[in-house]
There are 2 protein chains.
Amino acid sequence: MSTRRATIADVAREAGVSPSTASVVFSGKTPVSDATRKRVLAAAAALGYTGPDPRAASLRLGRSGIVGVVFEEHLGTAFLDPVKTLMMDGLADAVAPMGAGLLLLRDRDSWSREGAAPSLTTAPLDAAVLIGCSGLLRESLDTVRARGIPVVVVEGDAGEGIPRIELDNREAQRQAASHLRMLGHTRVATVTLAPRSGWARGWLTSDDEGDITIEVTRDRLAGVRDVYPDAPAFAAAGSFIDEGLAAGRQVFADAATRPTAVVAQSDLLAAGVIRAAEEAGLRIPEDVSVTGFDGIVVDGLAPYELTTLVQPATEKGRAAGAAVAAMLRGEPAASIRFTCEFHEGNTTGPAPDELGR
Amino acid sequence: MSTRRATIADVAREAGVSPSTASVVFSGKTPVSDATRKRVLAAAAALGYTGPDPRAASLRLGRSGIVGVVFEEHLGTAFLDPVKTLMMDGLADAVAPMGAGLLLLRDRDSWSREGAAPSLTTAPLDAAVLIGCSGLLRESLDTVRARGIPVVVVEGDAGEGIPRIELDNREAQRQAASHLRMLGHTRVATVTLAPRSGWARGWLTSDDEGDITIEVTRDRLAGVRDVYPDAPAFAAAGSFIDEGLAAGRQVFADAATRPTAVVAQSDLLAAGVIRAAEEAGLRIPEDVSVTGFDGIVVDGLAPYELTTLVQPATEKGRAAGAAVAAMLRGEPAASIRFTCEFHEGNTTGPAPDELGR
DNA sequence: TTGTAGGCGTTATCAC
DNA sequence: GTGATAACGCCTACAA
C-alpha cells in the first residue's frame with residue numbers, strides 16, 4: 001500500500017533496468033528483448049503501474065490527444081438537433097484513429113463565471129472544432145487562435161485562413177423551390193429557422209429579413225427567394241416539430257391566402273407543418289406540398305417520407321476531424337463545401353387545380 | 001515572429017521579474033503589486049503569451065480538469081436518448097464550477113483498434129462517469145479503477161464502494177400500474193425497452209424474462225409485475241416512437257385480447273403506442289390508457305400530455321458531477337437513489353365498460 | 001539492446 | 001511582495 005502512485009522510474013528500478021528501457025517497453029518505439037520486457041511488465045504489475053501518466057506524457061510530447069468541440073448553446077439543446085448528433089458521431093470517428101477524444105466545451109461559460117472557466121483557455125487542447133460560428137463564437141475563435149491551436153469551423157463564418165466545413169444551403173434550398181415551381185406551385189410559403197438568437201416565433205418582415213444573423217437561416221431563405229421572391233416567410237424559434245406545428249397553424253390560418261406548398265428549413269419543422277396541415281383538414285400532398293431539409297429520420301413521421309435535401313451530416317463531422325488531423329500533422333487543411341442531395345418523398349405533388357378549390 | 005511559443009519564463013524575463021512572480025500573476029494565488037502585475041501582463045501581451053500551458057500545469061498540479069464520460073454505445077445513439085442528453089447537461093453544469101470539462105469516451109474503442117485508443121487508458125482524466133454499466137462497461141470500470149481514478153456509475157450495477165446514481169425504477173413503474181388498476185383496468189399490456197443488447201423487437205416469453213441483462217428494463221418490468229403478474233410484455237428494440245408504434249400494432253392486433261391499458265417503459269415508446277392506438281381507431285384515453293416513463297417533452301405529441309413517471313434526469317447528471325467533485329476533494333461520495341414523480345396527464349382514464357365493447 | 005542526461009512549462013515552498 | 005529552487009513524470013537523443 002504505497003502512499004503515492006508508482007512511476008515508470010519505480011517500475012524500472014523494480015525490474016532492474018533503466019527508466020528509458022522501461023519507457024520503451026510501454027511505448028514500443030524501440031525493440032526490446034523479450035526477457036526485459038517480461039521483467040518490466042511483471043514489475044509494473046507488481047507495483048500496480050498501469051502505464052505512463054497521460055499528463056506527463058502530454059507535456060513531453062506536446063500534445064494531449066484532446067480535441068475540443070465548442071457549442072454556442074447549452075449541451076442539452078445542441079444534442080436535441082439530430083444533425084449535430086450525427087456530426088459528432090462522424091467527428092468522433094475521424095479523431096479516433098489519431099488517438100484523440102472529444103472534449104465538450106460550452107461557449108457561454110467564459111462569460112458567466114469568471115474564475116472557474118473549464119474552457120478554452122485552460123483545457124489541454126490539441127485542436128478545436130467550433131460548431132456554428134454565428135458571431136457568438138467569435139471570441140472563442142479569437143481565444144483559440146491566440147493560443148495557436150488549429151481550428152476548424154463547422155457551419156459558420158470563420159474568417160481568413162480558417163478551414164470551414166459548410167453546406168450548399170442556398171443552392172440546395174433553391175432545388176426544393178424549383179421542384180415546387182416545376183410542380184406548378186405559385187402560392188408558396190416558407191418556414192425558416194430562427195433568424196437570430198433569442199428570436200420568438202413570428203412572421204418575418206422585410207426589415208427582419210435584412211437582419212438575419214444566423215447564416216443557415218439566411219442562406220436557405222435566399223435559396224427560396226431565388227425562385228419565389230415574394231413568398232411569405234414565417235420564422236420558428238428552433239428546429240422542433242412543435243415549432244413547425246405552430247408555424248403551420250399560422251401559415252394555414254387564412255383559407256383565402258393559404259399556400260399550396262411550404263418550404264421548411266428543417267425536417268422537424270416540416271413534420272410539424274404536416275401536422276398542422278392535417279389539423280386543418282388538408283391532405284398531403286394533394287392539397288399541400290411540404291419540403292424539409294436535412295434528410296434525417298424523423299421518428300414518428302411515418303407513413304410520410306419527406307421530400308427533402310439530404311445533407312451529409314456524418315460526413316461533415318468526419319471532414320472536420322480529417323481537417324483537424326491534417327492541421328495537426330502540419331499540413332494545410334482546405335475548407336470543404338458539401339452538397340446536399342435532393343430526395344423526393346411523398347410529401348410533394350402537383351399544385352392543386354386552382355378552380356377546384 | 002518567434003519560432004516557438006513563449007513560455008512563462010520568457011514573459012518573466014521580458015518583464016524583468018522572476019518566473020515565480022510571473023506565474024503568480026496568472027494564478028492569482030498570492031498578492032502581487034499592481035506595478036509588477038501590469039508589467040508582466042504587458043510583457044505577456046507583447047510576446048503573445050496567452051496563459052500557462054495547460055499540459056504543464058496539469059502535470060505540476062496533478063489534475064487535468066477533465067472528467068471522462070464513458071458510453072457503451074455509439075455516441076450518435078446515446079444522444080438520441082433525451083434522458084441521457086439531459087443528464088449530460090446536468091453533469092456539465094456540475095463539473096463546470098470545478099473548472100472541468102467532459103471528455104466523451106466510447107467503450108468499444110478499447111477493443112476495436114488496439115493501438116489508437118483515445119481511451120480510458122491514455123486520456124488525462126481526473127475522474128470518470130460511466131453511463132449504464134450493464135456488463136459491457138465492466139472492463140472499463142476495471143481499467144479506471146486500476147488507474148486509481150474516482151468513478152461514478154449512473155444507471156448501472158457498479159460494485160463495492162463505487163458510488164451509483166440510480167432511480168427507483170421498480171417502485172415508480174409500480175405506481176403507474178397501480179394507477180391503472182385503480183382506474184379499473186384488468187387487461188393490461190406492457191411495452192418494454194430492450195431486455196439485452198442486440199434484441200430484435202418481439203414478445204417476451206417467460207424464458208426471456210428470466211434473462212434480462214439490462215437493469216432498467218428488468219426493474220421497470222418488475223414494477224409492472226408487482227401489480228399485473230400476467231400482463232403480456234412486448235419488448236422494443238430501443239426507445240423510439242417508431243418502435244412504440246410497431247409494438248403498439250402488435251399489442252392492438254387482436255381485437256379480442258386487446259388490452260385496455262398499456263404501460264410503456266419510456267415516453268417515446270408511449271408516444272408510438274398512442275399512434276398505434278389511433279391507427280387502430282381507438283381513442284385515448286376512452287378506449288385505451290397509456291402510460292410512459294421519463295417525463296421528457298415528446299416533440300410533436302401534443303395535444304396529448306402523457307401520464308408518466310417524471311425522472312429527474314438533469315438532477316441525476318448534477319448528482320454524478322457532485323459525487324465526482326466530492327471524490328476529487330478526497331471526500332467519500334455516497335450513492336444516490338432518485339425518486340420519480342408520478343404525473344397524471346390526459347392519456348389515462350377509467351377502464352372502458354366491458355359490456356360496452 | 002540498454003543506459004545516461006536533459007528538459008518539456010509549470011507551480012509550491014520557503015527564504016528573503 | 002518577490003525570487004531561487006526543486007520537483008511533477010515522462011520521453012528521446014545520444015552514447016555505450
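Note: hydrogens, waters and symmetry copies are ignored here, and every other heavy atom, side chains too, is used. Order of the sequence lines fixes the chain letters, A, B, ..., with proteins taken first and strands second; residue numbering starts at 1 for each chain.
Using a cut-off of 4.0 Å between Lys/Arg side-chain N and Asp/Glu carboxylate O, A/E215 and A/R164 are scored as salt-bridged.
A heavy-atom distance below 4.0 Å to DNA chain C is reached by these residues of residues 18-26 of chain B, ordered by number: B/S20, B/S23.
With rounding to whole Å, B/D10 atom CG is found 10 Å from C/dC8 atom P. In this structure, the CG atom of B/L61 is 12 Å from the P atom of D/dG9, given to the nearest Å. The CZ-P distance, from A/R63 to C/dC8, rounds to 18 Å in whole Å. One atom, CZ of B/R39, and another, C1' of D/dG1, lie 12 Å apart when rounded to the nearest Å.
Residue-level contact check: A/I8 touches the backbone only, with heavy atoms under 4.0 Å from sugar-phosphate atoms and none from bases. Counting non-hydrogen atoms under 4.0 angstrom, B/S58 reaches nothing in the nucleic acid.
Residues A/S18 and A/T21 have side chains that bring a donor and an acceptor to within less than 3.5 angstrom of each other. A side-chain donor from one of B/S64 and B/D126 sits under 3.5 Å from a side-chain acceptor of the other.
Side-chain N/O atoms of B/T7 include none lying less than 4.0 angstrom from OP1 or OP2 on C/dC8.
Between B/F79 and A/F79, the two ring planes are parallel [angle under 30°; tilted spans 30° to 60°].
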- [ ] Take A/E155 and A/K316, measure what salt bridge (Lys or Arg N to Asp or Glu O under 4.0 Å) needs, and give me the verdict at the end.
- [x] CA-CA 9 Å; A/E155 269 169 19; A/K316 267 171 33 184; 2.3 Å; yes

Donor-acceptor pairs are to be reported for all side-chain atoms of residues 34-47 of chain B against protein atoms at under 3.5 Å, with residues two or more places apart or in another chain.
unit_1 : atom_1 : unit_2 : atom_2 : d
B/D34  : OD1    : B/R37  : NH1    : 3.4
B/T36  : OG1    : B/S33  : O      : 2.8
B/T36  : OG1    : B/S33  : OG     : 2.7
B/R39  : NH1    : B/A15  : O      : 3.4

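Of the residues near DNA chain D, B/L59 and B/V17, the one whose nearest nucleotide (by heavy atom distance) lies more toward the 5' end is B/V17.
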